[in-house]
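In what follows, residues are counted from 1 in the order of the sequence shown.
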Amino acid sequence: MKSLNRRQFTALVASTAAGISIGTRGRSASAAGPNEKIGVACIGVNGRGGEHIREFAGDKRVEIRALVDIDDAVANKKADLVEELQGRRPTVYSDMRKAFESSDIDAISTATPNHWHA
């Protein structure tokens, strides 16, 4: 067998992993269909998180279904904004684990402070 250099090996592993993930991806009952909106939870909604909210609210394929922030006042103020932008108020959580448990969340957006990035 011909030996591979590092670049070839990395490309081979990446393409194999992509192929496996595409080939074995089954549709679960909670997976979004082609005509359904993607349910998003935004975590950390003050500052940069507000930009995430505005971007997601402008995308017709997405529905912001949950906001997570430790500060209830900030989270509720942003929930008012989301309701104004998309016509539906998202669920507000102070603990991100609760949003992770929700079956209607398909993706998350995290804009937490620097000390959370560890």
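- Between S94 and V68, the shortest heavy-atom contact is C-CG1, 4.3 Å.
- By the 4.0 Å N-to-carboxylate-O rule, E63 lies too far from K37 to be salt-bridged with it.
- From S102, atom OG reaches atom CZ of R97 across 15.5 Å, with rounding to the nearest 0.5 Å.
- When all heavy atoms of P90 and I64 are compared, the pair lying nearest together is CB-O, 3.6 Å.
- Considering OG of S103 and CZ of R65, their distance stands at 9.0 Å, rounded to 0.5 Å.
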Kindly determine whether I53 and L67 satisfy side-chain contact (heavy atoms from CB on, under 4.5 Å), including the steps that lead there. CA-CA 9 Å; I53 288 171; L67 298 180; 3.9 Å; yes
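- For the atom pair M96 CE and E101 CD, the distance stands at 12.5 Å (nearest 0.5 Å).
- Around atom CZ of R88, more than 12 heavy atoms belonging to other residues, nucleotides or ligands sit under 6.0 Å away.
- Applying the side chain to side chain contact (heavy atoms under 4.5 Å, CB included) test between V40 and each of I105, V62, I108 identifies V62 as the sole match.
- Other residues, nucleotides and ligands place no more than 12 heavy atoms under 6.0 Å from the CD atom of E55.
- Side-chain N or O atoms of D106 include none that pairs as donor or acceptor with a backbone N or O of I38 at under 3.5 Å.
- Checking each of T112, D71, V74 against N46 for a side chain to side chain contact (heavy atoms under 4.5 Å, CB included) leaves exactly one that passes, namely V74.
- At a threshold of 4.5 Å between side-chain heavy atoms, the hydrophobic network of Ile, Leu, Val, Met, Phe, Trp and Tyr places L85 and V45 in one connected group.
- From F100, atom CZ reaches atom CG of D95 across 9.0 Å, with rounding to the nearest 0.5 Å.
- Going from atom CD of Q86 over to atom CG of L81 covers 9.5 Å, rounded to the nearest 0.5 Å.
- In terms of heavy atoms, N76 sits closest to R89 at OD1-NH2, 3.2 Å.
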